[in-house]
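In listed order, ligands and their atoms are each counted from 1.
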Amino acid sequence: MSTLTLTPRPRVTDRLATLPVAIIGAGPVGLAAAAHLADLGIAFTVLEAASGPAAAVEKWGHTRLFSAWREVVDPVARRLLEATGWTMPAEGRAPTGRELVDAYLRPLAELPEIAAHIRYGARVTGIAREGMDRTRSADRENTPFLVRTPKGELLARAVLDASGTYDSPNSLLSTGLPTIDDARISHALPDVLGRERDRFAGRHTVVVGAGHSAANTLISLVRLQRDAPGTRITWLIRNAGAVRVSSSADDELVGRAQLGARVDRYVEDGAVEKIDSFEIGGVEALPDGIRLLGTRRGERDAVTADVVVNATGFRPDLAPLREIRTDLDAVVEAPRLLAPLIDPNAHSCGTVEPHGFRELTHPEHGFFVVGMKSYGRAPTFLLATGYEQVRSIAAWLAGDLASASRVELALPATGVCSTDAGGCC
Ligand SMILES: Cc1cc2nc3c(=O)[nH]c(=O)nc-3n(C[C@H](O)[C@H](O)[C@H](O)COP(=O)(O)OP(=O)(O)OC[C@H]3O[C@@H](n4cnc5c(N)ncnc54)[C@H](O)[C@@H]3O)c2cc1C
């Protein structure tokens, strides 16, 4: 009679150590995380939905950042790049999104120690623990993560969700509930003066939103109006004033104040018609336009346009995290410990404290949301802060608690927004 010898199943903890860290998204923060892990010799796989790196930044590539080059390049990524002969662009100048991709993010993604570990066309649709839904607790911490994409499932020892929020805009409706899909409703930051010029030239556009994305689009539309007769611009906001497009002289970010002042001037000149206190309750597709229905100072009102630009901000897509134990603030949908630091009512992008793995921890051991998505619905995220987040988490993954706990970023008192070109916050 033959004896059957069973190979003992490796202890789960041993198994975890053999698995890579999964990074979701090859944007600036996902790639910085990859650089930090590569530098520490920790195995990782980047799963990116698009066919190339930094797909979200590519989409707003025509927009100039507020921050100068020195604030948007991760220090470890810089060191890895410089070892290949790369040189830092003019440090004090603010790049456009496209320059950021061409001169920094693509070369970073192409470094051999990173490129070999990126899978493009791999949109993550769900994360769980292997064989476990959210409710199962036994040995959960020692069970690998399972990350699902249409191309297959990846097992991982930890997960960094750096998938951003650019693909999940807020709703036009003041309730936040979804509304109709229509080709005449544009995503924030359309390329008004370039690729999408024909969509706006000689037409009536309503820009909805009170932030810097809205201001950026309004400024581009005014420039278009000078060349294209018949271009009409309406700016529609929910409150009595546009709180984030501040033109106050004591705004701690000079660039931001200048941006607000420009928009204020266009409203005074009549180039932009401003409609305030308008609560959008419904959106109607007409044969020859889009109608926004709502209330204004207690009365029913409606505005009709050829194109509507939804610049109402972004929210995190939490659907893939359904089987993961997260602890999110009820208002901004950021990790609970981080939320008070980034509350948009109390902080602008210049005054958010740098933070690390502790503030980003969830009940799910080894799972972190980083980058833009970590701020939930708060609009104050800065790349420098995201780079510090991933530095701290990479140190934690390497078992270096002292380094993980240290805050190594000192943001300048004026913040890191240094131009009037618009964008962040
Ligand atoms: C117009 C504009 C100007 C800005 N200017 C500044 C500035 O001057 N200074 C500053 O510090 N910050 C600025 N920001 C804020 C912030 O730094 C950027 O939004 C930055 O791109 C955030 O980086 P991220 O890596 O977190 O996310 P993203 O850049 O959004 O990258 C996310 C990546 O994840 C991918 N992805 C999404 N979903 C999935 C999925 N399910 N599975 C796999 N991959 C996925 C996307 O394709 C993308 O490549 C600006 C933002 C905007 C919109």
Side-chain angles (χ1 to χ4, degrees), residues 22-34 45-74 94-101 105 109 118-127 147-151 154 159-169 187-191 211-217 253 255-256 259 311 313-314 316-321 349-350 352 369-375 378-390 411 415-425:
I23 300 170
I24 306 174
V29 178
L31 290 172
T45 302
V46 182
L47 300 165
E48 165 56 50
S51 57
V57 182
E58 279 279 359
K59 287 180 195 153
W60 52 266
H62 53 279
T63 310
R64 194 169 291 282
L65 278 80
F66 267 110
S67 307
W69 270 111
R70 67 174 156 267
E71 284 113 14
V72 295
V73 172
D74 174 79
T96 62
R98 190 153 302 121
E99 287 168 346
L100 188 70
V101 177
L105 295 169
I118 306 185
R119 294 190 200 161
Y120 291 111
R123 176 174 293 281
V124 171
T125 54
I127 310 165
V147 187
R148 174 179 282 181
T149 77
K151 291 192 166 172
L154 174 84
V159 175
L160 273 61
D161 180 353
S163 60
T165 55
Y166 200 72
D167 292 341
S168 38
H187 194 280
L189 296 158
D191 190 1
H212 289 86
S213 296
N216 248 298
T217 301
L253 303 173
R256 199 172 61 168
L259 189 69
F314 305 95
D317 178 7
L318 300 175
L321 313 185
C349 64
V352 172
V369 181
V370 294
M372 187 76 189
K373 187 170 180 177
S374 70
Y375 275 36
T380 47
F381 177 75
L382 286 177
L383 286 170
T385 317
Y387 298 157
E388 176 60 13
Q389 292 178 336
V390 296
L411 289 172
V416 297
C417 297
S418 41
T419 79
D420 71 342
C424 70
C425 307

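- The distance criterion of under 3.5 Å between nitrogen or oxygen atoms is met by Ser67 with respect to ligand 1.
- The shortest N/O to N/O separation between Val124 and ligand 1 falls below 3.5 Å.
- Taking any N or O of Ala50, backbone or side chain, none lies under 3.5 Å from an N or O belonging to ligand 1.
- By the side chain to side chain donor-acceptor pair (under 3.5 Å) test, Glu48 pairs with no residue at all, sequence neighbours left out.
- Residue Ala384 has no N or O atom closer than 3.5 Å to an N or O atom of ligand 1.
- A heavy-atom separation below 4.0 Å is found between Ala122 and ligand 1.
- For the ligand labelled ligand 1, residue Ala162 lies inside the 4.0 Å heavy-atom shell.
- The main-chain N or O of Tyr166 is found under 3.5 Å from a side-chain atom of His187 such that the two form a donor-acceptor pair.
- Distances between N or O atoms of Val29 and those of ligand 1 include at least one value under 3.5 Å.
- Ligand 1 is never approached by Gly386 to a heavy-atom distance shorter than 4.0 Å.
- Of all the heavy atoms of Leu47, the ones lying under 4.0 Å from any atom of ligand 1 belong exclusively to the backbone.
- For the pair Val370 and ligand 1, the shortest N or O to N or O distance does not fall below 3.5 Å.
- For Asp74, the side chain to side chain donor-acceptor pair (under 3.5 Å) partners two or more places apart in sequence, or in a different chain, are His36.
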